[in-house]
Each structure stands twice: as C-alpha cells, then as structure tokens.
Chemist: 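Handing you this structure, nothing more for now.
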Amino acid sequence: SDFREEDSKGYYGLAPGKTVGLRYAGLITCDDVVRGASGKIIELRCTYSARGSVKVKGNIHWVCAASATAAPLRAELRLYDQLFDLINPAAAADWEDHIQESSE
C-alpha cells in the first residue's frame with residue numbers, strides 16, 4: 001500500500017506528517033487523515049510542493065482505484081506566485097508600484 005497510518009522504519013510510502021514524491025508531479029506531505037462516521041478513512045489532506053532540492057526516500061504512483069469508466073474526482077487547486085517584483089518591497093519608497101502586473 002502507498003499509505004499507512006503508522007510510519008515505520010524502512011517504509012517509504014505516505015504516512016501522517018511524512019513527505020513523499022508523487023511520480024511525475026512533485027512532493028506531497030500528509031497533513032491530516034479524515035475519517036467517516038464508521039471510522040473508515042475517507043480522505044487524506046495533503047500539501048503539494050514542487051520538487052525543488054528536497055530529498056525524499058519514497059516515490060509513489062497514485063492511481064484511482066475506481067473502474068476506468070468512473071468519473072474523475074473533482075479537486076480545487078490554488079496556485080500562488082510572488083506578489084511583488086522586489087524581494088523586499090518594504091525597502092521601496094512606494095511599495096504599491098512594485099505589485100506584479102499579473103496579480104489578481
């Protein structure tokens with residue numbers, strides 16, 4: 001399995017608080033495990049980050065267990081970028097002049 005609730009030495013898959021590589025996508029860290037009324041795990045809440053220079057021991061392949069004819073799951077993704085065109089906008093005389101034009 002690619003997920004365990006209890007992490008152990010020698011296990012390179014995803015566990016609460018652990019970061020692994022998501023093949024061809026980047027890194028994910030398991031932040032929270034959500035359970036249904038029956039106590040069964042229904043959701044994993046994770047944080048995504050680009051690969052960068054972080055070394056991880058495990059890489060997982062995430063595949064939907066539903067049949068190929070099932071509709072894909074919906075997800076909301078929010079991408080954030082640098083708001084200012086300066087590293088330290090507080091040092092500028094007028095910081096408002098340094099907001100990225102592409103910011104919404």
Side-chain angles (χ1 to χ4, degrees):
S1 169
D2 285 332
F3 175 77
R4 288 187 188 168
E5 289 184 77
E6 297 290 327
D7 197 10
S8 61
K9 185 176 181 180
Y11 175 67
Y12 300 117
L14 188 62
K18 188 173 183 179
T19 301
V20 297
L22 185 57
R23 186 135 190 207
Y24 305 119
L27 303 174
I28 59 171
T29 303
C30 181
D31 299 319
D32 193 20
V33 177
V34 179
R35 298 179 179 281
S38 67
K40 183 178 176 184
I41 295 173
I42 59 170
E43 183 178 334
L44 297 177
R45 294 192 179 168
C46 299
T47 303
Y48 168 84
S49 60
R51 274 248 177 231
S53 61
V54 176
K55 289 266 190 179
V56 294
K57 289 186 177 183
N59 286 290
I60 61 174
H61 306 243
W62 204 269
V63 179
C64 179
S67 70
T69 60
L73 298 174
R74 295 188 178 273
E76 178 180 328
L77 302 176
R78 297 180 182 191
L79 300 177
Y80 295 93
D81 202 352
Q82 189 171 342
L83 178 61
F84 297 98
D85 60 9
L86 296 175
I87 292 176
N88 184 9
D94 191 0
W95 62 269
E96 291 176 325
D97 290 339
H98 295 282
I99 295 177
Q100 294 277 9
E101 289 183 21
S102 61
S103 294
E104 295 180 11

Chemist: How close do Gln82 and Gln100 get, heavy atom to heavy atom, and via which atoms?
Modeler: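 Closest pair (atom of Gln82, atom of Gln100, distance): O-CG, 3.3 Å.
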Chemist: So does Ile87 have more than 12 non-hydrogen atoms from other groups sitting under 6.0 Å from CD1?
Modeler: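 12 or below, so no.
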Chemist: Ignoring hydrogens, what is the shortest heavy-atom contact between Cys30 and Cys46? Give both atom names and the distance.
Modeler: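 Nearest pair, atom of Cys30 first, then Cys46: CA-SG, 3.8 Å.
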Chemist: Might you confirm whether atom CD of Glu43 has over 12 heavy atoms from other residues, nucleotides or ligands at distances under 6.0 Å?
Modeler: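 Yes, enclosed.
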Chemist: Can you give me the closest heavy-atom contact between Tyr48 and Ala25, atom names plus distance?
Modeler: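 Here Tyr48 and Ala25 meet closest at OH-O, 2.5 Å.
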Chemist: Does anything in residues 90-99 form a side chain to side chain donor-acceptor pair (under 3.5 Å)? List the pairs, not counting sequence neighbours.
Modeler: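 Every side chain to side chain donor-acceptor pair (under 3.5 Å) pair that includes a residue of residues 90-99, provided the two are not neighbours, is Asp85-His98.
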Chemist: Hydrophobic clusters here meaning ILVMFWY residues chained together by side-chain heavy-atom distances under 4.5 Å, can you tell me if Tyr12 and Leu44 are in one?
Modeler: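 Tyr12 and Leu44: separate clusters.
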Chemist: Would a 4.5 Å heavy-atom cut-off, applied to side chains only, mark Asn59 and Val20 as touching?
Modeler: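 No, their side chains stay 4.5 Å or more apart.
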Chemist: For the backbone of Phe3 and the side chain of Tyr11, can you confirm whether one donor and one acceptor N or O come within less than 3.5 Å of each other?
Modeler: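 Yes.
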Chemist: Are any side-chain N or O atoms of Asp31 and backbone N or O atoms of Thr47, one a donor and one an acceptor, separated by less than 3.5 Å?
Modeler: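 Yes; at least one donor-acceptor contact below 3.5 Å.
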Chemist: Between Thr19, Leu27, Thr29, Ile28, which is the residue that forms a side-chain contact (heavy atoms from CB on, under 4.5 Å) with Ser49?
Modeler: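 Running side-chain contact (heavy atoms from CB on, under 4.5 Å) over Thr19, Leu27, Thr29, Ile28 with Ser49 returns exactly one hit, Leu27.
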Chemist: With rounding to the nearest 0.5 Å, note down the distance linking CG in Leu22 to CG in Leu14.
Modeler: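 One finds 9.5 Å between CG of Leu22 and CG of Leu14.
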